[in-house]
Amino acid sequence: MSENSEFRFGSATGVGSMPGGDARETAKTVTGSVEDFPFLAELPARGPGADMIGRTAGMLVELYARVEPSGWRIGDRPGRDTKRARSWLGEDLDALEEFTQGYEGPVKVQAVGPWTLAAALELKNGEVALSDPGACRDLAGSLAEGLRGHLEEVRRRIPGAQLVLQLDEPSLTAVLRGQVKSASGYRTHRAVDRQAVEATLRDVVGVHGEGPVVVHSCAPDVPFALLRRAGAAAVSFDFSLLTERDDDVIGEAVEGGTKLLAGVVPGTDGPLSDPAGSVMGVRTLWRRLGLHPGLLAEAVTVTPSCGLAGASPAYARQALAHCVRAARSLADNPE
């Protein structure tokens, strides 16, 4: 991970999803708004296969998934749902490639991490993969292989990109606590051993040997220490869900060189405070932890609190621009 410490994240970026269904318009908005840290947007409004689970299922190698009334289910061969997911991903890559001609700097791509995927994809018996340790292993291996190919493809299309891989793990806390519901809904699956969770994450993080990996969760109680041990160079989270209980582990993370992607701008339409007000909590946290103010702009990238799929297109544009202004406020006035 030593090279990651040299890596410069941009000052502001998005979490991943955006509203609407027009890949070109979205890529234009993203590259025009967060110029120093664009990302490959997801457009779930297009339907199954464009949602985060379906999109990542389309990246899997030698494992395929199709849509059933209950959700995504692993099948034996690629069907139209797999083809649709791959086609939309190709369309999004075409659009981002068009608007990043000549760009050099960080570019973020997102995929669902192994544990949230295992908590979402069903096996043939209707239970999620999480219920079967062997299925979890196969799924993580297939995901790692798929991500390797995806990263190579993005590198080929945007040669100047310093790629950042984001693994979306909103279900991670539920997996660790045994809170993922069974198919019947009457019971929950057993908590997965923390060491097994960490080892699997480390294997998937390891596919991006040349660059940093961010793990994102907009759920409460993000396991910062576990993610750091698994090799995450950065953690992306909803800042409003932090409590003072998280102080020590965040202080240790920052002092250990972990970057924070702090979600401080609301993800759905509503009034936006002034940019300085949006990052007031970040400054307060810094003071509470006794961290050097000069570290702030380097350690923190400003993002919306979660994906922007539920926002209006106009608000999504405003929110990204607001993140950039809020990041500038942090850099100009860290105290």
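Just so it is clear, the model here is predicted, and its values are computed rather than measured.
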Between Lys124 and Asp76, does at least one N-O distance fall below 4.0 Å, as a salt bridge requires? yes
Using only atom types and a distance under 3.5 Å, with no angle test, would you say the side chain of Ser182 pairs donor to acceptor with the backbone of Arg187? yes
List the steps, then state whether salt bridge (Lys or Arg N to Asp or Glu O under 4.0 Å) holds for Arg157 with Glu153. CA-CA 6 Å; Arg157 287 168 173 264; Glu153 169 78 352; 2.8 Å; yes
Please tell me whether Gln166 and Ser236 have a donor and an acceptor in their side chains that are separated by less than 3.5 angstrom. no
Salt bridge flag under 4.0 Å for residues Arg8 and Asp36: no
Does a salt bridge link Glu145 with Arg148, judged by any charged N lying under 4.0 Å from a carboxylate O? yes
For the residue pair Ser17 / Glu42, report whether a side-chain donor-acceptor contact shorter than 3.5 Å exists. no
Salt bridge (Lys or Arg N to Asp or Glu O under 4.0 Å) partner of Glu91, chosen from Arg84, Arg46, Arg55: Arg46
Under 4.0 Å between a Lys/Arg side-chain N and an Asp/Glu carboxylate O for Lys28 and Glu25? no
If you apply the rule side-chain contact (heavy atoms from CB on, under 4.5 Å), what do you find for Thr82 with Arg77, and how did you get there? CA-CA 9 Å; Thr82 300; Arg77 58 181 70 84; over 6 Å; no
Is the count of non-hydrogen atoms from other residues, nucleotides or ligands lying under 6.0 Å from Arg288 atom CZ greater than 12? yes
For Arg24, look at atom CZ and say whether over 12 heavy atoms of other residues, nucleotides or ligands are found less than 6.0 Å away. no
Take atom CZ in Arg137; do more than 12 heavy atoms of anything else shown fall under 6.0 Å from it? no
